[in-house]
Amino acid sequence: MKCYDCPRACGVDRDGGETGYCGGGRYARVAKAIDDFDYEEPCLGRVTAVFFGGCALGCSYCQNKKISRACVGDEYDGISLARLFDSAPHPLDLVTPSHFLTAIEKGLALCRTEPSVIYNTSGYETPAAVQRASAFTDVFLTDFKYADGQAAEKLSRAPDYPSVATAALVKMREAVSDEWETVGGKRLLKRGLIVRHLVLPDLVKNSVEALDTIAREVGTDVVLSLMSQFTPNGDGEPDRPLNKIEYKIVAEHALKLGFKNGYFQQFSSAKAEFTPKF
Ligand code: SF4
């Protein structure tokens with residue numbers, strides 16, 4: 001079957017041994033699984049993170065470039081993926097899952113348990129993929145990276161990112177309403193949507209317009225995570241750290257728009273120590 005699982009729409013026969021833009025073949029590739037992991041957003045609680053190799057977006061500044069640029073990791077067929085999912089002690093956090101959507105569906109169908117699933121995506125998704133993912137997803141944890149198509153083209157080779165990710169975001173919002181629970185005094189998002197935006201150097205206008213888009217399309221009640229942790233990855237662009245003033249301008253714009261749920265990051269997060277090790 002030809003693959004159209006993401007907006008790249010390569011149409012390659014992955015079951016027949018071909019690979020497309022993402023590098024993914026017939027089986028999922030898991031680069032790393034971490035049983036007990038926590039995120040910048042405390043409302044997610046502890047998660048079991050499954051990092052997939054390869055990526056359908058491919059950003060120049062990717063912090064996980066060791067596993068995303070080449071589709072690295074062990075191959076997991078449906079049964080082995082189901083075993084991995086069944087063994088998760090916490091909600092399952094599927095990191096960069098888009099190009100393995102078909103394999104994930106097969107794995108989940110073979111699970112003995114019904115894991116809670118966080119679909120942790122770049123936001124570069126087709127409406128059809130969001131629809132499929134919503135059948136098993138409890139929390140969509142999505143990036144909204146660009147409102148500026150030129151920046152999206154230059155940094156992620158995806159000039160259509162703004163329109164594609166906006167449609168995906170709206171679809172995610174339609175698919176899940178926020179449901180909260182309190183566990184051990186902590187307020188956790190049991191089901192719902194979290195939108196992440198990473199502020200990039202020299203792209204304050206892009207960030208301001210991205211926030212405008214999020215506010216307009218899904219409202220300012222959405223859980224927003226405004227991230228300052230950009231770190232140059234050594235060979236990509238942008239190649240300089242974020243300035244405090246750049247983050248401040250964007251954070252003030254978020255407040256002006258009226259976002260009231262979510263997180264700002266300490267500016268000290270813009271250090272390499274926050275980059276996952278693979
Ligand atoms: S998932 Fe991979 S092979 Fe399929 S359309 Fe996207 S980039 Fe191409």
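The figures here come from the full heavy-atom set of this structure, side chains too, leaving out hydrogens, waters and symmetry mates. Remember, predicted model here, so these are calculated numbers, not experimental data.
- Atom OH in Tyr247 sits 15.0 Å away from atom CZ in Phe230 (nearest 0.5 Å).
- Side-chain atoms of Ser225 and His197 include no donor-acceptor pair closer than 3.5 Å.
- Within the model, atoms CD of Glu41 and CG of Leu141 stand 5.5 Å from one another, a figure rounded to the nearest 0.5 Å.
- Under the 4.0 Å criterion applied to side-chain N and carboxylate O atoms, Arg14 and Glu18 are not assigned as salt-bridge partners.
- Open room surrounds CD on Gln150; 12 or fewer heavy atoms of other groups in view lie less than 6.0 Å from it.
- For the side-chain contact (heavy atoms from CB on, under 4.5 Å) test with Tyr146, the passing option among Ser156, Ser207, Pro159 is Ser156; the others fail.
- Linking Ile, Leu, Val, Met, Phe, Trp and Tyr whenever their side-chain heavy atoms come within less than 4.5 Å leaves Leu188 and Val47 in two separate clusters.
- For the residue pair Arg240 and Glu246, the shortest heavy atom distance occurs at NH2-OE2, 2.8 Å.
- Looking at Arg26, its side chain never comes within 3.5 Å of a backbone N or O of Asp15 through a donor-acceptor pair.
- Arg196 places no side-chain N or O within 3.5 Å of a backbone atom of Asp143 that could act as its donor or acceptor partner.
- Put simply, the side chain of Phe52 reaches to within 4.5 Å of the side chain of Leu94, judged on heavy atoms.
- Tyr27 and Ile104 are not part of a single hydrophobic cluster, where members link through side-chain heavy atoms under 4.5 Å apart.
- Between the side chain of Gln265 and the main chain of Met227, no donor-acceptor pair closer than 3.5 Å is present.
- Judged by distance alone, with hydrogens and angles left aside, the side-chain atoms of Ser228 form no donor-acceptor pair with the main-chain N or O of Leu226 at under 3.5 Å.
- Arg191 pairs in a side-chain contact (heavy atoms from CB on, under 4.5 Å) with only one of the listed residues (Asp178, Thr137, Val176), which is Val176.
- Taking OG1 of Thr142 as the start and CZ of Arg173 as the end, the distance is 12.0 Å to the nearest 0.5 Å.
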- Message: Pair Val195, Phe140 - check side-chain contact (heavy atoms from CB on, under 4.5 Å), show working.
- Response: CA-CA 8 Å; Val195 186; Phe140 281 105; over 6 Å; no

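- For the atom pair CD (Glu75) and OG (Ser80), the distance works out to 9.5 Å, reported to the nearest 0.5 Å.
- Both tests do not hold together for Arg46 against Tyr39: distance to the six-membered ring centre under 6.0 Å, angle to the ring axis within 45°.
- The ring pair (Phe, Tyr, Trp, His ring centres under 6.0 Å) search around Phe264 returns none, not counting sequence neighbours.
- Taking 4.5 Å as the limit, some side-chain heavy atom of Pro89 sits within range of a side-chain heavy atom of Thr48.
- Residues Leu224 and Leu211 have side chains in contact (heavy-atom distance under 4.5 Å, counting atoms from C-beta outward).
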- Message: side-chain contact (heavy atoms from CB on, under 4.5 Å), that's the test. Do Asp235 and Arg69 meet it? Break it down for me.
- Response: CA-CA 12 Å; Asp235 60 10; Arg69 286 192 182 163; 3.1 Å; yes

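- Note that CG of Leu92 is 9.5 Å distant from CG of Asp86, once rounded to the nearest 0.5 Å.
- Ser98 and Glu125 share a donor-acceptor pair across their side chains, judged by distance under 3.5 Å alone.
- Listed for the Arg8 side chain is a donor-acceptor partner under 3.5 Å among the backbone atoms of Leu57.
- Leu255 and Phe144 fall within the same hydrophobic cluster, where Ile, Leu, Val, Met, Phe, Trp and Tyr residues are linked whenever their side-chain heavy atoms come under 4.5 Å apart, directly or through other members.
- Considering only heavy atoms from C-beta on, Val222 comes within 4.5 Å of Ile214 through its side chain.
- Residues Val223 and Leu193 approach most closely at CB-O, 3.7 Å, considering heavy atoms.
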- Item | Derivation of the side-chain contact (heavy atoms from CB on, under 4.5 Å) call for Lys260 and Asp221 | CA-CA 6 Å; Lys260 43 185 122 17; Asp221 286 339; 3.1 Å; yes

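- Side chain of Asn243 to backbone of Ile245: no donor-acceptor contact under 3.5 angstrom is found.
- Note that CG of Asp13 and CE of Met1 are 9.5 Å apart. Values are rounded to the nearest 0.5 Å.
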- Query: Could you walk me through whether Gln229 and Glu40 pass the side-chain contact (heavy atoms from CB on, under 4.5 Å) check?
  - Reply: CA-CA 10 Å; Gln229 68 187 47; Glu40 295 83 355; 2.9 Å; yes

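- Using a distance-only test at 3.5 Å, with no hydrogens or angles considered, a donor-acceptor pair links the side chain of His99 to the main chain of Gly53.
- Across all non-hydrogen atoms, the minimal contact from Ala215 to Leu257 is CB-CD1, 4.3 Å.
- Counting only heavy atoms from C-beta outward, the side chains of Tyr119 and Pro97 approach each other to under 4.5 Å.
- Tyr161 and Tyr21 fall into different hydrophobic clusters, where Ile, Leu, Val, Met, Phe, Trp and Tyr residues are linked whenever their side-chain heavy atoms come under 4.5 Å apart, directly or through other members.
- Proximity of a side-chain donor or acceptor of Thr182 to a complementary backbone N or O of Gly185 within less than 3.5 Å is not detected.
- Heavy-atom minimum distance, Cys22 versus Cys71: O-CB, 4.1 Å.
- The shortest side-chain heavy-atom distance between Leu155 and Tyr61 falls under the 4.5 Å cut-off.
- Side chain of Asp148 to backbone of Asn206: no donor-acceptor contact under 3.5 angstrom is found.
- By the neighbour-count criterion of 12 heavy atoms within 6.0 Å, atom NZ of Lys244 is sparsely surrounded, having that number or fewer from other residues, nucleotides or ligands.
- Hydrophobic cluster membership is shared by Val139 and Ile34, with clusters built from Ile, Leu, Val, Met, Phe, Trp and Tyr side chains linked at under 4.5 angstrom.
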- Message: Assess the residue pair His90 and Asp36 against the criterion (side chain to side chain donor-acceptor pair (under 3.5 Å)); give the C-alpha distance rounded to whole Å, side-chain angles, the decisive distance to 0.1 Å, and a yes or no.
- Response: CA-CA 7 Å; His90 299 298; Asp36 192 23; 3.0 Å; yes

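- Shortest non-hydrogen contact noted between Gly258 and Thr220 is O-CB, 3.4 Å.
- Side-chain atoms of Asp160 and Ser163 form no donor-acceptor pair, as typed in the model, at a separation below 3.5 Å.
- Side chains of Thr96 and Asn120: no donor on one and acceptor on the other come within 3.5 Å.
- For the residue pair Val12 and Gly20, the shortest heavy atom distance occurs at CG2-N, 3.7 Å.
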- Task: Apply salt bridge (charged side-chain N to carboxylate O under 4.0 Å, His left out) to the pair Arg157 and Glu153, showing each step before the final yes or no.
- Result: CA-CA 4 Å; Arg157 289 177 281 173; Glu153 179 171 25; over 6 Å; no

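- With respect to Lys205 and Glu209, a salt bridge is recorded, a charged nitrogen being found less than 4.0 Å from a carboxylate O.
- Two residues are said to be in side-chain contact when any heavy atoms from C-beta on lie closer than 4.5 Å; Leu189 and Ile194 meet this criterion.
- Side-chain atoms of Asn233 never come within 3.5 Å of backbone atoms of Gln63 as a donor-acceptor pair (strictly under, hydrogens ignored).
- One side chain, Arg132 or Thr102, offers a donor N or O that lies under 3.5 Å from an acceptor on the other.
- Contact of the Met172 side chain with the Thr121 side chain is registered, since non-hydrogen atoms from C-beta on lie closer than 4.5 Å.
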